Structures are given as C-alpha cells and as structure tokens.
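Below, chain A is the first sequence line, B the second, and so on; all start at residue 1. Nothing here was measured: the structure is a model prediction, and the numbers come from that model.
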There are 2 protein chains.
Amino acid sequence: MASIGTKRDAKISLNTVERLSLYRRALEELSHEKIQYVHSHRLAALTGVTPAQLRRDLATFGSFGNISRGYDVRQMSATISRIVGTDEVQNLALVGVGHLGRALLSYKGFEERGFHVAAAFDADPDKAGRVFAGRRCYSMDDLEEVISTLNVRILVLASHPQGLQDAIDRAAAAGVRCFLNFVPKITSVPDGCFIEQIDISAKLEKLSFLSRQKVDQVSAVRR
Amino acid sequence: MASIGTKRDAKISLNTVERLSLYRRALEELSHEKIQYVHSHRLAALTGVTPAQLRRDLATFGSFGNISRGYDVRQMSATISRIVGTDEVQNLALVGVGHLGRALLSYKGFEERGFHVAAAFDADPDKAGRVFAGRRCYSMDDLEEVISTLNVRILVLASHPQGLQDAIDRAAAAGVRCFLNFVPKITSVPDGCFIEQIDISAKLEKLSFLSRQKVDQVSAVRR
DNA sequence: TTCCTATTGTGATTTAATTCACAGTGAAAT
DNA sequence: ATTTCACTGTGAATTAAATCACAATAGGAA
Ligand SMILES: NC(=O)c1ccc[n+]([C@@H]2O[C@H](COP(=O)([O-])OP(=O)(O)OC[C@H]3O[C@@H](n4cnc5c(N)ncnc54)[C@H](O)[C@@H]3O)[C@@H](O)[C@H]2O)c1
Ligand SMILES: NC(=O)c1ccc[n+]([C@@H]2O[C@H](COP(=O)([O-])OP(=O)(O)OC[C@H]3O[C@@H](n4cnc5c(N)ncnc54)[C@H](O)[C@@H]3O)[C@@H](O)[C@H]2O)c1
C-alpha cells in the first residue's frame with residue numbers, strides 16, 4: 001500500500017534509525033551497480049543484520065516493499081532521506097579548525113548526504129578571517145550572528161575541551177539543537193537539544209575488549 | 001570483596017563495554033579535579049545513565065565499590081583499563097595518509113588511552129617513505145611485513161574505498177583481528193575478526209532525525 | 001558501644017529489542 | 001487459468017536490556 005511516514009502512535013527506536021543509515025549506504029552501492037530491486041535477505045547480508053530485523057525496521061515507517069521483487073533500491077534510498085530529514089540540505093557549522101577540523105572541512109562526503117558545511121569558527125585570532133577549504137573561518141565572537149544568518153542546524157565540535165561547554169551553551173541559545181562532538185569531554189546540552197559523541201578511543205577500547213574475549217562470551221557482535 | 005574479572009559464565013553485553021569508556025572519561029575528569037571517591041549517583045549523572053545501570057554494568061565484572069564511600073576514582077579507572085585490555089599498550093597502524101589520516105596521526109589522545117600508532121601506509125608512491133607526524137609511511141607492499149614486525153593489533157582504515165577490502169583481507173591474513181573503519185563502504189571481515197565503523201554521516205543523520213521528532217515519539221535518547 | 005543513614009550489589013520485574021514463523025500475496029511458469 | 005514459489009509484513013514468542021526495590025552493610029554520630 002506504500003504508505004510513507006511513521007505509524008500514528010508508534011515510538012521509533014533509535015537503533016532502527018541508526019540502521020537506516022547503514023541500509024542506505026548499502027543501497028547506494030547497489031544503485032551504483034545499477035541494481036534496481038533488492039530483497040531483504042540480500043540487503044540484510046550486506047549490512048550484517050537479519051532479514052527479519054531489516055523488514056521490521058522498515059515496517060516502522062510503513063510498507064514499501066514489492067512482495068516478490070523486493071525493495072526498489074533508489075526509492076528506498078530516497079525514502080530513508082525523507083525519514084531522516086536529509087531530503088533538504090541542512091547547514092552545519094564547525095567549531096575548531098585544527099587538524100581534525102580541517103580534515104572535516106575538506107571532506108566531500110557531507111554534501112553527498114545532504115549536509116552543507118556553511119561556516120567554521122576558531123578561537124585562535126590568527127585563524128579567524130582566513131579561508132579553509134573554501135569556508136570562511138569566523139571568530140568565536142561572531143558565533144550567534146553567523147548561526148542565525150546562515151541558518152545553522154547542526155554544530156560540529158572539534159575544538160579543545162576548554163570553552164567547549166560555553167560554545168554549546170551559546171549555540172543552543174542561538175537556536176542550534178544538534179551537536180556532533182569529537183571532543184572527549186563530558187558535556188551537557190539544554191532540554192530539547194541532542195548531542196552525539198564520536199569517541200574514537202572508545203571504539204578502539206571496544207575492539208581491544210573484543211579481541212581478548214572468547215567468541216561465546218560476547219553477545220551481539222555486529223559484523 | 002573486590003573480586004576483579006568476569007564472572008565465570010556470564011556473557012558480557014557490548015552496551016556495557018561501550019559505557020565503560022564513557023565512565024572512564026568521567027573518572028579521568030574527576031581524577032583531574034583531585035576527587036578520590038564517587039558515588040554511582042554522581043558518576044551516572046555525569047555520563048547520562050541511571051545509577052542502577054551504572055552499578056549493574058560494573059557488577060558484570062565484579063564488585064569494587066566501597067559501600068558508603070562509593071567507588072575509588074583512580075582504581076576504577078585502572079580496573080576499566082584492565083577489563084578492556086589497555087593496561088598494556090596496543091599497537092595500531094593506519095591505512096591512508098590523507099586529510100583524515102594525517103589528523104589521526106597528529107592526535108595525542110591515543111597514547112593517553114593506551115594505543116600507540118606505530119606505522120602508516122599509503123598507496124600513493126609519493127607518500128611512501130616520507131614521515132608524517134613522526135611516523136614512517138610505508139608502501140602498501142610492505143603491509144604484511146610491517147604488521148608482523150611491529151606487532152600491529154588494530155588497523156585504522158582511512159583510505160579511499162577502492163582497495164579497502166583488499167587491505168582488510170591482507171591484514172587479517174597477516175594476523176590483525178581488529179579494524180576501525182572511517183571509510184563509508186560496505187566491507188566484511190573473516191571469522192574471528194571485528195570491525196567497528198565510524199560513520200560521521202550516519203551520526204549526522206541521526207541528529208537530523210532527532211531534531212524533527214517530537215520528544216515523546218523518540219525512545220531512549222542518551223544525553 | 002549502639003544506632004542511624006546512605007550506599008552498594010543484586011534478585012525480581014518491567015520494558016525494549018529481536019527473532020520466529022506464517023498468512024497473505026504477487027509474479028512467473030505451466 | 002491455475003499452480004507454484006518465494007517474498008513481505010506482522011502477530012506471537014523469545015531474548016536481551018534496563019529499572020525497581022530492598023537486604024546487607026560500612027561508616028559516622030551520639
Ligand atoms: N585529531 C584527531 O584525529 C582527533 C581524533 C579524535 C578526537 N579529537 C579531538 O578533536 C579536537 C580537535 O583535535 P585536533 O587534533 O584538531 O586539535 P588541534 O589542536 O589541531 O586543533 C584545535 C583547534 O581548536 C581551536 N580551539 C581551541 N579552543 C577553542 C574554543 N574554545 N573555541 C573555538 N576553537 C577553539 C584551536 O585554535 C585549534 O585551531 C580535540 O579535542 C581532540 O581531542 C581529535
Ligand atoms: N576527511 C574527513 O573528515 C572524513 C570524514 C569521514 C570519513 N572520511 C573517509 O575517510 C577516507 C579518507 O578521507 P580523506 O579526506 O583523508 O581522503 P584523502 O583523499 O585526503 O586521503 C586518502 C588517502 O588514502 C590513500 N589511499 C587511497 N586508496 C588507498 C589504498 N587502497 N590503500 C592505501 N592508501 C590509499 C590516498 O593516497 C590518500 O593519501 C575516505 O574514505 C573518506 O570517505 C573522511
């Protein structure tokens with residue numbers, strides 16, 4: 001019946017949302033291979049989940065599989081965009097134009113996925129005013145103004161720990177509700193805001209832990 | 001009673017292991033503030049979990065809280081190191097010395113957490129032989145040999161998608177069991193190996209999704 | 001010493017996530 | 001037209017994760 005959108009009263013699991021990105025990555029590769037339809041079995045194998053889980057995840061948002069051809073690759077990819085809200089471009093800004101920040105500025109992948117890095121900020125007065133990878137670097141003094149002017153929806157944090165919480169608070173007051181944080185520092189965000197951590201050391205620790213376990217002592221290893 | 005180590009027959013949840021890193025980050029900050037003991041309530045508040053969950057997580061590995069002083073900050077931090085296996089240094093190597101790879105090479109945080117970036121590899125012949133942030137960059141031809149010589153336990157992947165699977169397969173054959181992958185490409189690893197993805201776009205998509213939801217439609221948002 | 005209080009560790013319970021398993025179905029084959 | 005087959009979507013069952021709630025107890029107060 002191809003109804004798109006959430007079912008009226010269901011709460012949506014964030015695990016499901018995270019897997020949507022995984023599914024979409026696989027769908028994009030299939031699309032590059034000119035594959036039009038894919039069955040849950042194959043897409044599940046590509047992404048390391050069970051076919052039942054894939055179908056269940058999709059069922060959260062409606063029903064868009066063709067019962068014997070499977071799922072339309074391009075259509076499902078577009079549907080996932082709509083679900084996560086990247087069918088229209090979202091503006092990002094970056095705080096901290098150091099080694100990591102410059103790598104992020106040079107990264108082309110964001111635009112491909114519906115994100116536009118609109119501006120960068122740095123506390124270092126030598127950096128403010130300069131241009132990095134085509135983006136103007138602003139002084140932290142201009143944070144609120146630039147956020148409003150450029151309609152920044154998500155702030156990427158790649159500065160030092162000092163001043164981090166302050167940057168979050170100011171950005172939140174200026175209307176930013178989403179933060180992506182690379183800085184290994186305990187932070188908090190106001191009600192109604194969200195912060196996602198990217199903690200590389202934590203991932204390494206997880207790997208370190210896994211590599212020391214006997215296989216049957218670990219539950220639910222996604223590969 | 002302070003028994004350390006896993007209980008005999010219990011399977012360990014990876015969710016728990018991931019939270020250990022979170023706890024440790026908070027413990028390190030408390031340690032810097034010269035705080036000796038911390039109660040589950042406070043540590044839970046710092047890390048955004050419930051006190052019961054924190055205690056349950058720790059109970060997986062034994063019992064090391066003092067019943068009325070709480071947990072010894074430094075001791076618990078050390079215990080977590082031991083659990084995840086970073087009480088002895090683990091050697092990493094990096095594949096792909098581009099923008100992101102060089103940022104990773106310049107990052108001091110790995111050493112602080114018990115990881116040593118021992119070598120780097122790049123397919124570009126102009127890069128092989130040069131030194132980046134103090135690390136020799138090797139040709140991909142030398143992958144197996146360097147991995148063995150330097151006892152590399154974890155391979156960090158920051159190259160282009162082309163050739164990625166090949167690098168994984170070769171490294172696995174040379175004895176590497178753990179991979180940390182920044183490349184947005186579907187991959188697979190042999191049995192007994194583990195791969196952790198760091199997918200920045202996926203995190204952004206999750207944030208995008210969250211910011212469009214009414215609060216009560218989303219379950220389990222960790223802040 | 002004895003009592004009081006607040007905290008840990010953990011059985012019991014609840015809630016969430018995943019998997020099972022199959023009815024209903026649409027396309028292709030005959 | 002009819003049959004066959006394999007697939008989706010989903011109730012039911014199972015498994016895992018989180019929370020509740022409290023007995024046991026260490027430390028401080030009196
Ligand atoms: N480099 C990596 O690969 C890596 C990996 C994981 C995490 N991180 C984290 O990311 C952050 C940045 O790392 P890096 O290697 O780019 O460091 P860096 O020292 O190269 O750059 C940090 C930049 O942030 C700016 N800055 C500092 N405080 C600021 C503030 N309060 N507001 C705005 N800008 C500020 C500095 O001027 C500098 O330009 C660090 O917190 C680091 O722990 C880095
Ligand atoms: N730059 C970022 O912030 C960022 C963020 C997320 C993900 N990524 C991903 O990380 C990877 C690297 O990004 P980047 O910006 O550093 O790219 P880059 O083009 O700057 O660097 C890539 C490097 O990898 C090398 N390389 C390519 N193929 C190789 C192979 N088969 N074996 C060994 N080395 C190889 C290249 O010679 C180059 O030096 C990309 O796949 C990108 O999608 C980057």
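- When distances run from any side-chain atom of A/Gln53 to the nucleotides D/dA18, C/dT8, C/dT19, the shortest one goes to C/dT19.
- Note on B/Thr50: every side-chain N or O is 4.0 Å or more away from OP1 and OP2 of D/dA18.
- Defined by atom type and a distance below 3.5 Å, a donor-acceptor pair is present between the side-chain atoms of A/Ser40 and A/Arg55.
- Nucleotide D/dT8 holds its C1' atom 14 Å from the CG atom of A/Asp57, rounded to whole Å.
- With hydrogens and angles left out, the side-chain atoms of A/Arg56 and A/Thr16 include no donor and acceptor closer than 3.5 Å.
- Annotation: side chain of B/Leu58 is in contact with side chain of B/Met76 (closest heavy-atom distance under 4.5 Å).
- Summarising the geometry, the separation between CZ on A/Arg55 and P on C/dC20 is reported as 11 Å, rounded to the nearest angstrom.
- Side-chain contact of A/Gln53 with A/Asp57: a donor-acceptor pair under 3.5 Å is absent, judged by distance alone.
- The distance from atom NZ of A/Lys11 to atom P of D/dA18 is 17 Å, rounded to the nearest whole Å.
- Between A/Asn15 atom CG and D/dA18 atom P the separation is 9 Å, expressed in whole Å.
- Between B/Gln90 and A/Ser208, the side chains place a donor N or O and an acceptor N or O closer than 3.5 Å (distance only, hydrogens not considered).
- Taking the side chain of A/Ala52 as heavy atoms from C-beta on, and the options D/dC7, C/dT10, C/dC20, the nearest nucleotide is C/dC20.
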* Steps toward salt bridge (charged side-chain N to carboxylate O under 4.0 Å, His left out) verdict (A/Glu29, A/Arg25) -> CA-CA 7 Å; A/Glu29 292 190 16; A/Arg25 190 195 283 183; 6.0 Å; no
Protein-nucleotides 11-13 of chain C N/O pairs closer than 3.5 Å?
residue	atom	partner	partner atom	Å
C/dG11	N7	B/Arg56	NH2	3.3
C/dG11	O6	B/Arg56	NH2	2.5
C/dA12	N6	B/Arg56	NH2	3.0

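- For the OP1/OP2 pair of D/dA18 and a distance below 4.0 Å, the side-chain nitrogens and oxygens of B/Arg19 include at least one atom meeting the criterion.
- Taking only side-chain nitrogens and oxygens, B/Tyr37 never comes nearer than 4.0 Å to OP1 or OP2 of D/dG27.
- Among B/Arg24, B/Arg19, B/Arg82, the single residue meeting the salt bridge (charged side-chain N to carboxylate O under 4.0 Å, His left out) criterion with A/Glu205 is B/Arg24.
- Atom NE2 in B/His39 sits about 14 Å away from atom C1' in C/dG9, given to the nearest Å.
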With 3.5 Å as the limit, what N/O pairs link the protein to nucleotides 23-30 of chain C?
residue	atom	partner	partner atom	Å
C/dA27	O4'	A/Ser68	OG	3.1

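- Judged by closest nucleotide on DNA chain C, B/Gly70 is the one of B/Gly70 and A/Thr16 placed further toward the 5' end.
- Of all heavy-atom pairs between A/Asn91 and A/Asn151, the closest is CB-O, 3.5 Å.
- Rounded to a whole Å, the CZ atom of B/Phe64 is 11 Å from the P atom of C/dT10.
- The salt bridge (Lys or Arg N to Asp or Glu O under 4.0 Å) search around A/Glu111 returns A/Arg135, not counting sequence neighbours.
- In this entry the distance linking OH of B/Tyr71 with P of C/dT7 reads 12 Å, nearest Å.
- Between atom CZ of residue B/Arg212 and atom CG of residue B/Leu207 there is a gap of 13.0 Å, rounded to the nearest 0.5 Å.
- Here A/Ser40 lies in heavy-atom contact (under 4.0 Å) with sugar-phosphate atoms only.
- Rounded to whole Å, the distance from CG on A/Leu14 to C1' on D/dA17 is 15 Å.
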